[in-house]
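Below, all heavy atoms of this structure are taken into account, side chains as well, without hydrogens, waters or symmetry copies. All ligand and atom numbering here is 1-based and tracks the order in the structure.
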Amino acid sequence: MHIPLLFEKSHPGRRAYTLPVLDLPEKDIADLIPERFLRRDPALLPELTEGEVVRHFTNLSQMNYHVDKGFYPLGSCTMKYNPKANEAAANIGGFRDVHPLQPERLNQGALQLMYELQELLATITGFDAVSLQPAAGAQGELTGVLVMKAYIEATGLSGKHKILIPDSAHGTNPASVVIAGLTPVEVKSNSDGMVDIDDLRNNLDDAVAGMMLTNPNTLGIFERNIATIAELVHEAGGLMYLDGANLNAQMGIVQPGRIGFDVMHINLHKTFSTPHGGGGPGSGPVAVNEKLAPFLPVPMVAKEGENYRLDYDRPQSIGKVHSFFGNFGMFVRAYTYIRMNGAKGLRRVSEDAVLNANYLLSRLKGTFKLPFPETPMHEFVLSGDYQQEKGVKTMDMAKRLLDYGFHAPTIYFPLIVHEALMIEPTETESRETLDAFADAMLAISREVEENPDLVREAPHSTPVKRLNDALAARRLNIVYKEEGPEHDG
Ligand SMILES: *Cc1c(COP(=O)(O)O)cnc(C)c1O
């Protein structure tokens with residue numbers, strides 16, 4: 001299917017805007033703007049009317065799949081509904097138009113919001129200090145690991161360079177450790193899908209700087225031995241890092257800072273309902289306990305009497321990890337979500353997320369293989385093994401789901417599950433939506449028996465069929481050329 005580009009719809013002379021009348025004499029312009037900055041030829045832009053532009057982008061948005069269009073059960077990545085109240089708050093003039101170089105006395109409202117968000121996240125996680133600066137989960141990980149490294153160096157412990165990471169972990173964990181200049185070491189999972197304590201013991205030595213753990217882990221399973229794990233790592237002189245990208249099962253129920261963790265990151269774009277995946281920039285705040293607090297990035301937002309200010313006077317800080325103070329618009333959205341839910345509401349969010357996941361699982365298990373039978377929390381992982389025996393892969397079923405009007409779940413992750421399907425329904429989905437999704441999954445499994453080619457050749461109803469995503473990532477071509485863009489099929 002060829003989707004016409006704006007350039008292809010262009011007609012000379014059509015306009016969607018009117019510039020204000022030029023009220024400066026030509027010679028003043030020449031005085032004001034250096035010769036070399038003056039444009040000689042008109043910019044190459046598509047020429048269309050406003051109506052044509054609006055229709056073009058509305059049509060594109062309908063070809064896309066998004067959380068405002070339908071159910072999006074992407075495990076671990078959490079595509080939860082983004083409440084429109086968040087957008088209204090982020091559009092309040094004082095937040096929207098604020099400039100980071102304004103003097104602090106003119107930014108008091110924005111600083112107060114950041115300060116209070118730091119405090120709210122500290123309360124939710126049970127930690128002592130929070131930096132809002134990192135722009136993503138992965139950057140939060142890197143920041144957190146750099147903070148651990150700075151602490152270890154400051155306490156004079158040398159030779160500590162290993163970070164233990166379970167084999168179920170998100171790929172960003174080992175990557176962050178390597179970028180921080182430390183060495184990732186893999187720890188095996190046991191048959192319950194939890195950390196294998198014997199393998200953990202075998203890997204503990206004086207070189208261990210810490211452990212990075214996701215809990216509930218990427219199988220959606222809460223590590224039952226978390227106290228023992230933290231104790232063992234601490235005894236070896238290591239620190240405990242929680243990958244809290246997805247905090248959806250724990251709010252108001254578990255405070256990670258109270259169960260043995262020293263540092264964690266939080267994805268505002270997963271747990272706290274800010275948009276992601278093309279919908280907006282991310283935000284990955286880092287929370288730490290008291291002993292790691294001096295190492296957090298500068299500036300921190302501080303409160304003195306009734307005033308808020310940016311505190312740069314932190315000599316042990318690892319420095320800055322983002323321009324200015326992070327992605328402020330996301331702070332406003334997350335703050336709105338937290339305040340509107342309140343403490344009880346956030347607990348309810350987690351309870352409903354867990355309930356929805358377990359309801360969906362109850363409808364799907366049996367038809368799909370459940371590799372680890374432990375009761376999951378806010379998400380669960382199935383295997384497509386039964387269907388693969390009939391010659392249909394998890395990838396095929398994921399594509400077929402698009403024909404049923406659903407986004408596919410996360411697939412082929414975590415790596416320890418063969419033909420993995422990782423499903424996270426989130427807290428806001430209705431019983432009807434969950435049932436419709438379960439019905440679609442069961443229907444696809446029947447198709448695997450009766451008409452496997454239908455599934456293997458899916459999707460049939462989307463604007464584009466199976467794309468070569470490896471090629472798209474490696475040879476991304478977004479530049480318009482007069483002759484028309486190159487097509488790779
Ligand atoms: C999403 C995710 C990350 C990375 O977060 P980004 O914002 O995508 O960088 C890390 N760990 C886990 C468990 C995640 O789900």
K.L.:
Before you tell me yes or no, could you show the steps for Lys162 and Asp206 under salt bridge (Lys or Arg N to Asp or Glu O under 4.0 Å), namely the whole-Å CA-CA distance, both residues' side-chain angles and the distance that decides it to 0.1 Å?
P.N.:
CA-CA 9 Å; Lys162 290 190 200 167; Asp206 288 345; over 6 Å; no

K.L.:
Does Phe413 have its ring centroid less than 6.0 Å away from the ring centroid of His170?
P.N.:
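For Phe413 and His170, the ring centres are under 6.0 Å apart.
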
K.L.:
Would you please classify the geometry between the Phe71 ring and the Phe437 ring as parallel, tilted or perpendicular, with 30° and 60° separating the classes?
P.N.:
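The rings of Phe437 and Phe71 stand perpendicular, inter-plane angle above 60°.
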
K.L.:
Within this structure, what is the NE2-NE2 distance for the pair His276 and His269, rounded to the nearest 0.5 Å?
P.N.:
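Here the interatomic distance stands at 6.0 Å.
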
K.L.:
Heavy-atom distance under 4.5 Å between the side chains of Phe331 and Ser283, does that happen here?
P.N.:
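A side-chain contact under 4.5 Å exists here.
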
K.L.:
Which protein N or O atoms sit under 3.5 Å from any N or O of ligand 1? Give each pair with its distance.
P.N.:
unit_1   : atom_1 : unit_2 : atom_2 : d
ligand 1 : 5 (O)  : Asn267 : ND2    : 3.2
ligand 1 : 7 (O)  : Gly137 : N      : 2.7
ligand 1 : 7 (O)  : Asn267 : ND2    : 3.3
ligand 1 : 7 (O)  : His269 : NE2    : 2.7
ligand 1 : 9 (O)  : Gly137 : N      : 3.4
ligand 1 : 9 (O)  : Ala138 : N      : 2.8
ligand 1 : 11 (N) : Asp243 : OD1    : 3.2
ligand 1 : 11 (N) : Asp243 : OD2    : 2.6
ligand 1 : 15 (O) : Ser76  : O      : 3.1
ligand 1 : 15 (O) : Ser76  : OG     : 2.5
ligand 1 : 15 (O) : Lys270 : NZ     : 2.7

K.L.:
Are the ring centres of Tyr241 and Phe261 closer than 6.0 Å?
P.N.:
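When the ring centroids of Tyr241 and Phe261 are compared, they turn out to be at least 6.0 Å apart.
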
